[in-house]
Amino acid sequence: MTDDPFTAHRSLLFTVAYEMLGSAADADDTVQETWLRWADVDRATVRDPRAYLVRMVTRQALNRLRTVSRRREDYVGEWLPEPLLTSPDVADDVELAESVSIAMLTVLETLGPTERAVLVLHEVFVVPYDEIAAAVGKSSAAVRQIAHRAREHVAARRPRMTVSREEQQRVVDRFLTALTAGDLQGLLDVLAPDVVVVADGGGLAPAALRPFRGRARVANALSRFTAFVPATPPMTTALINGAVAARLDPGGEFDTAITFVIEDGLISQMHAIRNPQKLGRLDTVAELRR
């Protein structure tokens with residue numbers, strides 16, 4: 001039914017699950033589990049369906065997060081979140097765009113499951129502490145303390161994402177122009193001195209197993225890109241996880257999604273997702289909502 005609260009809030013529930021899990025596939029499964037449990041709920045006892053559903057999806061996401069955290073310990077190389085094609089509406093919502101950025105989701109990976117749930121629910125979705133406490137099985141006082149610790153942890157690691165979409169587009173275009181030409185100086189000019197690159201091939205596609213950093217090292221590695229491919233691969237820009245990103249050779253041998261952190265007009269972080277199992281959502285716009 002179109003007036004079913006679950007249907008009305010499905011995009012919100014997916015967004016909550018995705019921000020907690022960093023995986024659209026796991027988020028889909030979590031939302032499905034929530035729907036199955038919602039089907040058995042006596043709706044007459046539910047005063048606030050949105051809050052009730054958020055609590056339900058949070059509990060399911062926490063259960064799954066504890067499972068996938070163990071699974072990721074055996075992951076080959078660096079694990080990065082699954083990128084999503086997003087609409088201009090997401091990019092225009094600065095807080096939502098920052099919260100779903102690959103850079104932020106990567107920072108959230110360094111939190112424990114409960115810390116992550118508390119931070120996401122309170123900071124992004126403005127869920128009151130008492131409702132969060134009910135969702136995570138803690139007291140309100142404990143949740144406040146967890147939120148404080150999580151905020152400090154993230155604040156020390158989060159990038160500054162206050163760059164306009166126009167500025168993002170300008171910098172990414174400069175980067176792709178230099179990359180296509182194998183232009184070493186052009187790459188040096190667009191990279192920050194301490195730029196860091198993190199790649200995720202998952203053992204299924206060639207990728208650096210560890211992050212590498214430094215303008216000269218990164219520029220030299222990238223300037224050789226066009227030398228080892230048979231022809232310049234197609235490159236496009238798209239809004240991925242709320243920001244301007246690059247897609248190289250869509251669907252081909254060198255299929256890669258690259259997201260950027262841009263600070264002071266220069267690229268300070270690059271996240272290159274090459275694992276083919278994580279690139280399937282880049283043909284359809286994801287519905288993300290707060």
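Along the sequence shown, residues are numbered consecutively beginning with 1.
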Please confirm whether the backbone N or O of [Y] pairs with a side-chain atom of [X], one donor and one acceptor, at under 3.5 Å?
X	Y	answer
Arg289	Thr15	no
Glu82	Ala24	yes
Glu131	Pro128	no
Gln168	Val244	yes
Arg37	Val57	no
Thr110	Val107	yes
Thr86	Gly242	yes

> Looking at Glu167 and Arg170, does any basic side-chain N land under 4.0 Å from a carboxylate oxygen?
Replying inline: yes
Looking at [atom1] of [X] and [atom2] of [Y], how far apart are the two atoms once the value is rounded to the nearest 0.5 Å?
X	Y	atom1	atom2	value
Arg66	Leu62	CZ	CG	5.0 Å
Met235	Asp173	CE	CG	12.0 Å
Asp26	Gln60	CG	CD	13.0 Å
Ile258	Arg247	CD1	CZ	11.0 Å
Ile262	Ser164	CD1	OG	9.0 Å
Leu53	Asp4	CG	CG	8.0 Å

Nearest atoms (heavy-atom pairs only) where [X] meets [Y]:
X	Y	value
Ala216	Leu188	CA-CD2, 4.1 Å
Arg59	Ala135	CG-O, 3.2 Å
Pro211	Val196	CB-CG2, 4.1 Å
Val261	Ala103	CG2-CB, 3.6 Å
Met104	Ser99	CG-O, 3.8 Å
Pro49	Pro5	CB-CB, 3.6 Å

> Should Val120 and Met56 be regarded as members of a common hydrophobic cluster, given that ILVMFWY residues are connected when their side-chain heavy atoms come within less than 4.5 Å of each other, either directly or indirectly?
Replying inline: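 Same hydrophobic cluster.
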>> With a 4.5 Å cut-off on side-chain heavy-atom distances among I, L, V, M, F, W and Y, is there a chain of contacts connecting Leu184 to Leu191?
In response: no
Non-hydrogen side-chain atoms of [X] and [Y] separated by less than 4.5 Å:
X	Y	answer
Asp89	Asp93	no
Leu119	Glu19	no
Val90	Leu239	no
Thr256	Asp249	no
Phe125	Val16	yes
Val68	Tyr75	no
His122	Arg151	yes
Val198	Thr106	no

>> We want to know whether Thr237 and Gln169 form a side-chain donor-acceptor pair, criterion being a heavy-atom distance below 3.5 angstrom.
In response: yes
> If you measure only the distance, is there a donor-acceptor pair under 3.5 Å linking the side chains of Arg157 and His153?
Replying inline: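 There is such a pair (donor and acceptor under 3.5 Å, judged by atom type) between the side chains of Arg157 and His153.
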>> Show me the pairs that pass salt bridge (charged side-chain N to carboxylate O under 4.0 Å, His left out) and involve residues 185-209, at least two apart or across chains.
In response: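 Listed by first then second residue: Asp200-Lys278.
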>> Please evaluate residues Leu105 and Asn241 with respect to the criterion side chain to side chain contact (heavy atoms under 4.5 Å, CB included), reporting the C-alpha separation (whole Å), side-chain torsions for both, the decisive distance (0.1 Å), and the verdict.
In response: CA-CA 10 Å; Leu105 292 175; Asn241 286 66; 3.8 Å; yes
> Counting heavy atoms not belonging to Arg43, are there more than 12 under 6.0 Å from its CZ?
Replying inline: yes
>> Test side chain to side chain contact (heavy atoms under 4.5 Å, CB included) on Arg215 and Leu266; report intermediate values, then the result.
In response: CA-CA 11 Å; Arg215 175 188 281 158; Leu266 299 173; 4.1 Å; yes
> Do the rings of Phe175 and Phe260 sit parallel, tilted or perpendicular, given the 30° and 60° boundaries?
Replying inline: perpendicular
>> Ring-plane angle category for Tyr18 and Phe14, please: parallel below 30°, perpendicular beyond 60°, tilted otherwise.
In response: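 The rings of Tyr18 and Phe14 lie parallel, inter-plane angle below 30°.
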> Can Leu288 and Leu84 be said to form a side chain to side chain contact (heavy atoms under 4.5 Å, CB included), step by step?
Replying inline: CA-CA 10 Å; Leu288 301 180; Leu84 297 178; 4.2 Å; yes
> Are Leu85 and Arg281 close enough, and set up right, to give a side chain to side chain contact (heavy atoms under 4.5 Å, CB included), and what steps lead you there?
Replying inline: CA-CA 7 Å; Leu85 187 65; Arg281 302 294 182 113; over 6 Å; no
